[in-house]
Amino acid sequence: PTAEDWIRSLEDSLKTLQSRCKHVFMAGLSMGGCLTMYLAAKYPDAFKAVVPINACLDFGSPDFAAWAFQADAPVTIKGVSNDVKDPSVIELAYSEVPVRCIREIYGLMAVTRDMLPRVTAPTLVMVSPEDHVVPPANSYEILQKVSANHREMLLLNNSYHVATIDFDKDLINEAVRQFFKKALTS
């Protein structure tokens with residue numbers, strides 16, 4: 001799959017939602033957060049509100065980035081998983097990541113970063129200060145660069161990267177619900 005495939009799939013879903021719903025909201029974790037911001041930038045009038053959670057714009061890892069265009073790179077490398085603070089939770093994740101997808105995500109992140117000023121939907125940025133996958137600075141960059149009149153940040157102090165299944169999962173669910181509800185009334 002390519003970044004274009006990911007985007008086309010989400011665009012198809014957006015069209016379906018727009019045909020069935022009066023208001024559309026979007027939230028996403030990690031790469032889903034990046035895709036959330038990409039769509040919010042590309043279609044600034046389509047979303048009532050958006051919530052990126054530990055969204056990636058940059059991995060801050062020269063070693064990981066080096067795989068993207070390495071001539072003798074393997075087809076796959078070891079996947080990243082289980083960055084969860086709650087020891088009772090095990091994330092279901094791919095054990096390997098195709099190197100081709102690494103190239104795609106780097107392109108998606110760069111384009112999304114440049115498009116952030118086009119985001120006008122109310123934006124609640126959620127960030128785990130202790131994230132071992134995506135540097136928290138990504139979330140601060142999103143908050144700074146979006147053009148939304150209403151911007152908020154919520155710190156997820158009791159979760160690592162995969163916060164939606166970690167100790168802060170209930171906080172996330174309630175905060176997203178309240179943020180979207182507030183966006184409906186404004």
For this session: Could you tell me which non-hydrogen atom of Ala40 sits nearest to which non-hydrogen atom of Val50, and how far apart they are?
Result: CB-CG1, 3.8 Å

Exercise. What closest approach, in Å, do Val99 and Trp67 show between heavy atoms, and which atom pair accounts for it?
Worked result: CG1-O, 3.3 Å

Exercise. Which heavy atom in Ala163 sits nearest to a heavy atom in Leu156, and how many Å separate them?
Worked result: CB-CD1, 3.6 Å

Exercise. Is there a chain of hydrophobic side chains (I, L, V, M, F, W, Y, each step under 4.5 Å between heavy atoms) that links Leu29 to Met31?
Worked result: no

For this session: Decide side-chain contact (heavy atoms from CB on, under 4.5 Å) for Met109 and Tyr106; before the verdict, give the C-alpha distance in whole Å, the side-chain angles of both, and the deciding distance to 0.1 Å.
Result: CA-CA 5 Å; Met109 290 188 303; Tyr106 271 93; 3.7 Å; yes

For this session: For Asp12, look at atom CG and say whether over 12 heavy atoms of other residues, nucleotides or ligands are found less than 6.0 Å away.
Result: yes

Exercise. From Tyr43 OH over to Leu14 CG, what is the distance, rounded to the nearest 0.5 angstrom?
Worked result: 7.0 Å

Problem set entry | Path from Leu10 to Val24 over hydrophobic side-chain contacts below 4.5 Å | yes

For this session: To the nearest 0.5 Å, tell me how far Trp6 CH2 sits from Tyr38 OH.
Result: 12.5 Å

Problem set entry | hydrophobic_cluster_shared for Met126 and Met37, side chain cutoff 4.5 Å | no

Seminar exercise, completed: Smallest heavy-atom separation, Lys48 atom then Pro122 atom, equals O-CD, 3.1 Å

Exercise. So, the side chain of Ser139 versus the backbone of Val127: is there a donor-acceptor pair under 3.5 Å, distance only?
Worked result: no

For this session: Look up atom CG in Leu35 and atom NZ in Lys42, then write down how far apart they are to the nearest 0.5 Å.
Result: 12.0 Å

Exercise. Looking only at atom types and distance, does a side-chain atom of Asn82 sit under 3.5 Å from a main-chain N or O of Glu91, one as donor and one as acceptor?
Worked result: yes

For this session: With rounding to the nearest 0.5 Å, note down the distance linking CD1 in Ile165 to CG in Asp86.
Result: 8.5 Å

Exercise. Are the side chain of Arg103 and the backbone of Ala68 linked by a donor-acceptor contact shorter than 3.5 Å?
Worked result: yes

For this session: Please report the C-alpha distance between Asn158 and Leu171 in whole Å, then the side-chain angles of each, then the deciding distance to 0.1 Å, and finally whether the side-chain contact (heavy atoms from CB on, under 4.5 Å) criterion is met.
Result: CA-CA 10 Å; Asn158 203 22; Leu171 171 65; over 6 Å; no

Exercise. Among the clusters formed by ILVMFWY side chains lying less than 4.5 Å apart, do Val89 and Ile53 turn up in the same one?
Worked result: yes

Exercise. How far apart are the C-alpha atoms of Leu108 and Ile7, what are their side-chain angles, what is the distance that settles it, and do they pass the side-chain contact (heavy atoms from CB on, under 4.5 Å) test?
Worked result: CA-CA 9 Å; Leu108 174 65; Ile7 291 165; 4.0 Å; yes

Exercise. Of the non-hydrogen atoms in Pro129 and Pro136, which two are nearest, and what is the gap between them?
Worked result: O-CG, 3.4 Å

For this session: Give a yes or no answer on whether the side chain of Glu152 reaches the backbone of Leu124 with a donor-acceptor pair at less than 3.5 Å.
Result: no

Problem set entry | Same apolar cluster (I L V M F W Y, side chains within < 4.5 Å links), Ile105/Met115 | yes

Exercise. Is a side-chain N or O of Ser147 found less than 3.5 angstrom from the main chain of Arg118, in a donor-acceptor match?
Worked result: no

Seminar exercise, completed: Thr123 and Ala148 have their tightest heavy-atom pair at OG1-CB, 3.9 Å

Exercise. Does the side-chain hydrogen bond (donor to acceptor under 3.5 Å, both in side chains) test come out yes or no for Asp63 and Ser61, once each step is laid out?
Worked result: CA-CA 5 Å; Asp63 293 337; Ser61 173; 5.5 Å; no

Exercise. Just how far is it from atom OG of Ser81 to atom NE2 of His161, taken to the nearest 0.5 Å?
Worked result: 11.0 Å

For this session: Dump the intermediate steps for side-chain contact (heavy atoms from CB on, under 4.5 Å) on Val51 and Thr36, then the final yes or no.
Result: CA-CA 8 Å; Val51 180; Thr36 295; over 6 Å; no

Exercise. Are the side chain of Ser9 and the backbone of Asp5 linked by a donor-acceptor contact shorter than 3.5 Å?
Worked result: no

Exercise. Judged by atom type as modelled, is there a donor-acceptor pair below 3.5 Å linking the side chain of Asp168 to the main-chain atoms of Ser159?
Worked result: yes

For this session: Please round to the nearest 0.5 Å and tell me the distance separating atom CZ of Arg151 and atom NZ of Lys145.
Result: 12.5 Å

For this session: Check the angle between the aromatic planes of Phe59 and Phe64 and answer parallel, tilted or perpendicular using the 30° and 60° thresholds.
Result: perpendicular

Problem set entry | Exceeds 12 heavy-atom contacts within 6.0 angstrom, atom CG of Leu17 | yes

Exercise. Counting N and O atoms only, with roles assigned by atom type, does the side chain of Thr76 sit under 3.5 Å from a partner on the main chain of Pro74, one being a donor and the other an acceptor?
Worked result: no

For this session: Inspect the surroundings of CD in Gln178 and state if more than 12 heavy atoms from other residues, nucleotides or ligands are less than 6.0 Å away.
Result: yes

Exercise. So, does Asp166 use its side chain to make a donor-acceptor pair with the main chain of Val84 at under 3.5 Å?
Worked result: no

Problem set entry | Flag side-chain contact, heavy atom, 4.5 Å: Pro135 against Asn138 | yes

Problem set entry | Ser30 backbone acceptor or donor facing Asn54 side chain under 3.5 Å | no

